[in-house]
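Notes follow once the structure below has been shown.
Both backbone and side-chain heavy atoms feed into the values below; hydrogens, waters and symmetry mates do not.
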Amino acid sequence: MKKKLVAVLLAASMIVGLTACGSDNAANSTDNSGTDNAATTEGDSDDSSTDATDNSNGGESSGGSGILNINLASEPDYLDPALNSSVDGGCLAVNSFAGLYTYDQNGELIPQLATAMPEVSDDGCVYTVNLKESKWSNGDDLNAQDFVYSWNRVIAEETAADYAYLFDVIARNGDALAIETPDDYTMVITLNSPCPYFNDLMAFPTFFPVHQASVEAANPDGTVPGKWAQEAGFVCNGAYTLQSWNHNESMVYVKNPNYYDAANVTMDELHFMLSADDTAIYAAYNSGDLDYIDTVPNDEISSLNGINPEFGILDNLGTYYIGFNVNDSVFDGKTVEEAAKMRHAMCILIDRGFIVENVGQTGQVPADSFVPLGMADGNGGEFKQADTSYYDAEASGAGMLEEAVALLEEAGYTLTDNGDGTYSIDPGISITYLTNDGTGHIAIAESIQQDLAIVGISMDIQSEDWNVFLEDRKQGNFTLAREGWLADYNDPVNMLEIFTSDSGNNDMQLGKGSGAAAPAWGDYDAMITEVRNTTDFAARVDLMHEAEDMLMETWAVIPLYYYNDVYMQKSNVDGIFATVFGMKYFMYSTKG
């Protein structure tokens, strides 16, 4: 899932897996307070007078004990779970919608609207799920047909859901998913082949139900599929309903009395500040106006990490990366191989050690692969092994300058040594780097700008508001862009399937457009299809390694580091928990 700007440098998810997983993420962070799968972000009982910040509220926030004041991001792109593809949007979804399954405080998958974990046929292809009786927020009964409608809506062409491909594991009856409903509270789901992560898929926000009557009343002609959830008051089925929405400023969620587990929801209201300005967010936290934030200004991290007990770091399962639009005009006149060498050279020129030590500052691990550390392989092991490396991440930067120069020369450029450790390049290369706001993202861009300048490559930095940024990436309106992916579920295919030619998350435009220098992509699509359909899980692991090899050979995807996530939480707040997929759950929190 695409990580939202305000989690400075630190995404992923979320989190598939979208989310937002991993078996061993301890190396991704310092002072990890979580378990392998989730972390409870509990308030520290120490006197906050020891904080490095000037917190005039003594570590506690103002406001009633039943109101939690939060900042996760700026204005959300979508609240419709079928259309959302960002981690912050996923966090809003898990607090306002309920699916068949969810995660508990220990990161364990548990039933939510299902009565138990599914019954699975001997061949692993038929899942039977029994549902609890529950209601929508308006009092309507919610049953199995609501799920059937919602899942088929995601795959409908007119919905144009980025995550429609997640349902490719389910067999089809014509254009519809192969789901039977013997009664109102039973679903029988037939898969194309055994799927080791299907239970986790059913906990992912894209698989949440939506209220059919509301969707169709707001969008009778099918042209604006997310219109029903663009203002406060829409029907949902989670712990909270959206009571008010002052666009670009604030949102107020209130407890839903019709939520199936309403008796155990401890926090009455969630008040969200909508902002992308991490300086303003941090100031609001220090003044006591916010209880929980998941970003701080980049230049504050060193004074907080290991010093302020309200500052924490969570494991994530994902990768912060940058990516090239393979159809961009900067590659005009190049062969497929020459374009790949251009991108390869720029990849190894980036000093990842500098970025994690001086910008990230929270123990991120420099990335030498796209699939992150700690991800399971779907066959009882861990996917990333010691030999799963595409370059020396520790030596990248000045240590690989000669190799980068040679690659650029092989791509048709003439490089002249200036005698001062830098080069001039002919013909000149000028690119624009697209990013969203946030001091950390900008600092990373500036570091890359300096690295590329060593060989004479000119890079301008263009910062955009989040929703504009998302759309420009999706449409390929960029040369090089800031990217991030938190796993939606703990399987490598989630990291790899986002680059199929039919994926709405394929910002790199692989398999799209008509750029002469773009790599052919039919074999990659076919390989991901085979990964989804094979019944041999050992062979499946090999196929996924081949797919990652194919992806990295394009050098369109340039991993920088494996994610972790920062947060700050007032000392009088307990019970917020998060998964490595980047999802944060507020409904069982308390505030003293």
Side-chain angles (χ1 to χ4, degrees), residues 3-11 41 43-44 46-65 67-76 87-88 91-92 244-253 269-314 358-362 435-446 463-466 469 565-573 576 578 584 586 589 591-592:
K3 180 65 176 178
K4 194 76 177 208
L5 60 143
V6 297
V8 173
L9 314 182
L10 313 165
T41 58
D44 194 297
D46 292 345
D47 186 341
S48 63
S49 62
T50 62
D51 292 356
T53 62
D54 179 17
N55 186 344
S56 60
N57 281 276
E60 297 186 2
S61 66
S62 59
S65 62
I67 298 174
L68 196 66
N69 300 295
I70 306 162
N71 179 277
L72 296 179
S74 58
E75 180 80 355
V87 174
D88 50 283
C91 290
L92 295 174
S244 64
W245 186 356
N246 188 359
H247 288 278
N248 296 301
E249 292 186 14
S250 63
M251 306 172 82
V252 174
Y253 284 82
E269 298 183 13
L270 308 178
H271 291 196
F272 289 91
M273 170 185 174
L274 301 178
S275 176
D277 185 341
D278 47 25
T279 300
I281 295 164
Y282 187 56
Y285 180 85
N286 284 330
S287 69
D289 293 331
L290 291 172
D291 300 306
Y292 185 94
I293 60 177
D294 70 351
T295 183
V296 297
N298 197 67
D299 58 5
E300 298 287 350
I301 293 176
S302 62
S303 68
L304 295 169
N305 190 13
I307 300 170
N308 188 328
E310 294 182 1
F311 180 85
I313 302 170
L314 299 172
N358 297 284
V359 184
Q361 305 177 70
T362 55
T435 184
N436 51 305
D437 298 325
T439 56
H441 297 315
I442 299 298
I444 287 177
E446 291 171 344
S463 178
E464 296 181 334
D465 290 339
W466 176 246
F469 173 66
D565 196 7
V566 301
Y567 68 94
M568 292 196 75
Q569 179 176 297
K570 293 298 182 183
S571 59
N572 61 328
V573 173
I576 299 171
K584 298 176 175 70
F586 302 109
S589 58
K591 180 177 171 182

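In this structure the side chain of Leu304 never reaches within 4.5 angstrom of the side chain of Val566, judged on heavy atoms. Residues Asn69 and Asp289 are not in side-chain contact: their nearest non-hydrogen atoms beyond the backbone lie 4.5 Å or more apart. Looking at heavy atoms from C-beta onward, Leu92 lies in side-chain contact with Tyr253 at the 4.5 angstrom threshold. Under the 4.5 Å side-chain criterion, counting only non-hydrogen atoms from C-beta, Gln361 is not in contact with Asn305. A heavy-atom distance below 4.5 Å is found between the side chains of Trp245 and Leu274. Taking the side chain as every heavy atom from C-beta outward, His271 and Ser250 never approach each other to under 4.5 Å. Side-chain contact between Ser589 and Leu68 is present, with at least one heavy-atom pair separated by less than 4.5 Å. When side chains are defined from C-beta on, Glu300 does not count as touching Asn308, because their heavy atoms never get closer than 4.5 Å.
The two atoms that bring Ser571 and Glu310 nearest to each other are N-OE2, 3.7 Å, heavy atoms only. Minimum heavy-atom separation, Ile313 to Tyr567: N-CE2, 3.7 Å. In terms of heavy atoms, Ile293 sits closest to Thr295 at CD1-O, 3.2 Å. Residue Glu464 comes nearest to Phe469 through the heavy atom pair OE1-CA, 3.3 Å, listed as atom of the first residue, atom of the second, then distance. The shortest non-hydrogen separation linking Lys591 to Gly64 is NZ-O, 3.4 Å. Across all non-hydrogen atoms, the minimal contact from Met273 to Asn71 is O-ND2, 2.6 Å.
Here Thr279 pairs with Asp277, Pro297 under the side chain to side chain contact (heavy atoms under 4.5 Å, CB included) rule; sequence neighbours left out. Under the side chain to side chain contact (heavy atoms under 4.5 Å, CB included) criterion, Glu249 pairs with Asn246, sequence neighbours left out.
In this structure a side-chain-to-backbone donor-acceptor pair under 3.5 Å is missing from Tyr292 to Leu72. Remark: the backbone N or O of Tyr285 is paired with a side-chain donor or acceptor of Lys570 at under 3.5 angstrom.
To the nearest 0.5 Å, atom CG of residue Leu290 and atom OG of residue Ser275 are 9.5 Å apart. In this structure, Phe311 CZ and Thr362 OG1 are separated by 6.5 Å, a value rounded to the nearest 0.5 Å. Considering CD of Gln569 and CG of Asp294, their distance stands at 11.5 Å, rounded to 0.5 Å. His441 NE2 to Asp278 CG: the interatomic distance, rounded to the nearest 0.5 Å, is 9.0 Å.
Across Val359, Ile444, Asn298, Ile301, a single residue satisfies side chain to side chain contact (heavy atoms under 4.5 Å, CB included) together with Thr439, and that is Asn298.
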Report task. Take Phe586 and Val573, measure what side chain to side chain contact (heavy atoms under 4.5 Å, CB included) needs, and give me the verdict at the end. Result -> CA-CA 10 Å; Phe586 302 109; Val573 173; over 6 Å; no
